[in-house]
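The figures that follow rest on heavy atoms only: side chains count, while hydrogens, waters and symmetry mates do not.
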Amino acid sequence: MAGAGPAVALDAAVRTPVPAATGYRNAREAMRTGMRDYNAGDKEGAARALEYAAGQGHALALWKLGRMYAEGDGVPHDDLKAFEFFSKIADENADEGPEAPNAGVVASAFTALGRYFLDGIKGSYVRPNVERAYDMFNYAATYYGDPNAQYNLARLYLDGTGVSQDPRQAARWFNLAAEKGHAAAQALLGQLLINGQGVTVQRARGLAWLTLARDAADGPKDQWIVALQEQALAAASERDRAEAQAQVDGFYRRSAKGR
């Protein structure tokens with residue numbers, strides 16, 4: 001789908017007002033000020049500066065505001081506002097090529113929209129729409145190669161959500177994300193390989209992916225990864241353990257060379 005994104009979001013008008021008195025020469029200056037204030041801990045000041053830059057169509061400012069509202073980071077948590085900021089990015093930048101400076105921001109916005117379409121936003125006009133979610137994930141995964149989108153697309157195929165259940169397709173997308181260091185994708189790919197779900201059983205390789213995922217696990221939210229790896233390690237033969245460790249070491253050597 002090169003160069004033309006899916007029919008995007010809902011042409012949502014962002015409801016956050018742009019301050020009338022700017023004090024900024026341009027959106028780029030406002031963006032720099034916003035990020036400086038954010039990093040200094042003044043998130044209220046950051047939001048004001050970012051809102052000005054976002055009002056000028058600055059994609060990174062729109063994305064940062066979307067993340068702040070999605071997480072309640074220095075501003076009231078508001079998923080609908082986040083959705084609208086991400087929608088504006090997608091609406092205005094869908095033709096950005098994968099090598100464009102804003103490509104990562106655009107891909108991330110499509111992925112965030114996909115997650116909102118999966119469940120909808122309670123009490124708003126954003127209703128669950130699995131087909132739209134698939135379109136958003138598929139575009140970001142195929143055109144931009146975004147690992148988060150690839151992981152989310154794999155989950156749709158693994159669970160049969162909005163598509164026919166297809167573990168082989170799930171493994172393919174998990175693998176693409178796993179090669180880019182996506183820990184959750186590494187863990188689920190490892191599980192598929194150990195169980196032979198959609199792929200040939202490869203216990204050592206599966207354990208290797210689970211070990212890499214555990215190495216990248218981040219706090220309580222990733223405890224499930226630790227549990228999967230420990231379970232797989234306990235069930236593995238000595239030979240599989242040794243082969244898995246060799247594969248892990250090789251992965252890290254290749255990654256170091258690629259830096």
Side-chain angles (χ1 to χ4, degrees), residues 1 107-108 110-111 114-115 117-119 128 130-258:
M1 195 189 301
S108 180
F110 274 106
T111 304
R115 287 194 292 264
F117 278 124
L118 269 182
D119 300 319
V130 178
E131 291 77 15
R132 295 296 295 282
Y134 175 88
D135 287 343
M136 299 294 156
F137 294 146
N138 187 58
Y139 185 61
T142 56
Y143 187 47
Y144 292 105
D146 182 81
N148 288 316
Q150 290 168 342
Y151 169 78
N152 279 282
L153 191 58
R155 287 299 304 265
L156 296 185
Y157 281 112
L158 183 64
D159 301 332
T161 303
V163 294
S164 298
Q165 193 171 34
D166 190 338
R168 185 176 296 275
Q169 277 279 50
R172 171 178 174 260
W173 288 110
F174 280 141
N175 186 73
L176 288 170
E179 291 285 357
K180 295 167 186 166
H182 194 288
Q186 291 173 336
L188 292 180
L189 176 60
Q191 189 177 39
L192 292 181
L193 287 163
I194 288 172
N195 295 334
Q197 188 178 357
V199 292
T200 303
V201 172
Q202 299 176 65
R203 292 187 179 88
R205 186 177 174 212
L207 179 58
W209 280 121
L210 277 163
T211 302
L212 288 166
R214 177 173 180 158
D215 289 349
D218 183 20
K221 70 180 179 64
D222 287 340
Q223 187 58 39
W224 66 274
I225 293 175
V226 176
L228 278 181
Q229 193 272 348
E230 289 178 346
Q231 181 182 9
L233 185 64
S237 67
E238 286 301 321
R239 179 177 178 178
D240 285 341
R241 290 186 186 193
E243 186 177 336
Q245 188 58 54
Q247 291 182 27
V248 169
D249 293 343
F251 182 91
Y252 284 132
R253 281 196 299 272
R254 292 192 302 274
S255 296
K257 287 180 181 178

**OP:** Hey, could you give me each pair passing side-chain hydrogen bond (donor to acceptor under 3.5 Å, both in side chains) that has a residue in residues 193-203? Not counting sequence neighbours.
**Re:** none
Decide yes or no for [X] and [Y]: does some side-chain heavy atom of the first lie under 4.5 Å from some side-chain heavy atom of the second?
X: Tyr252; Y: Leu212; result: yes
X: Thr111; Y: Phe137; result: yes
X: Asn152; Y: Arg115; result: yes
X: Tyr134; Y: Leu153; result: yes

Can you name the side-chain contact (heavy atoms from CB on, under 4.5 Å) partners of [X], sequence neighbours left out?
X: Glu243; value: Ala204, Gln247
X: Thr211; value: Leu207, Asp215, Gln229, Val248
X: Leu176; value: Gln150, Trp173
X: Val226; value: Arg214, Ala217, Gln223, Glu230

According to ring pair (Phe, Tyr, Trp, His ring centres under 6.0 Å), who are the partners of [X], at least two apart in sequence or on a separate chain?
X: Tyr144; value: Tyr139
X: Phe174; value: Tyr151
X: Phe251; value: Trp209

Original post:
Quick one: salt bridge (charged side-chain N to carboxylate O under 4.0 Å, His left out) partners of Asp166, sequence neighbours excluded?
Top reply: none
Subject >> All salt bridge (charged side-chain N to carboxylate O under 4.0 Å, His left out) counterparts of Arg205, not counting sequence neighbours >> reply: none
Subject >> Intermediate values then yes/no, side chain to side chain contact (heavy atoms under 4.5 Å, CB included), Gln245 and Arg241 >> reply: CA-CA 6 Å; Gln245 188 58 54; Arg241 290 186 186 193; over 6 Å; no
**OP:** Just grab all the salt bridge (charged side-chain N to carboxylate O under 4.0 Å, His left out) pairs involving residues 216-225, residues at least two apart or on different chains.
**Re:** none
**OP:** Would you list the pairs meeting salt bridge (charged side-chain N to carboxylate O under 4.0 Å, His left out) in which at least one residue belongs to residues 171-191, sequence neighbours left out?
**Re:** none
Original post:
Would you say Gln231 has more than 12 foreign heavy atoms packed within less than 6.0 Å of its CD?
Top reply: no
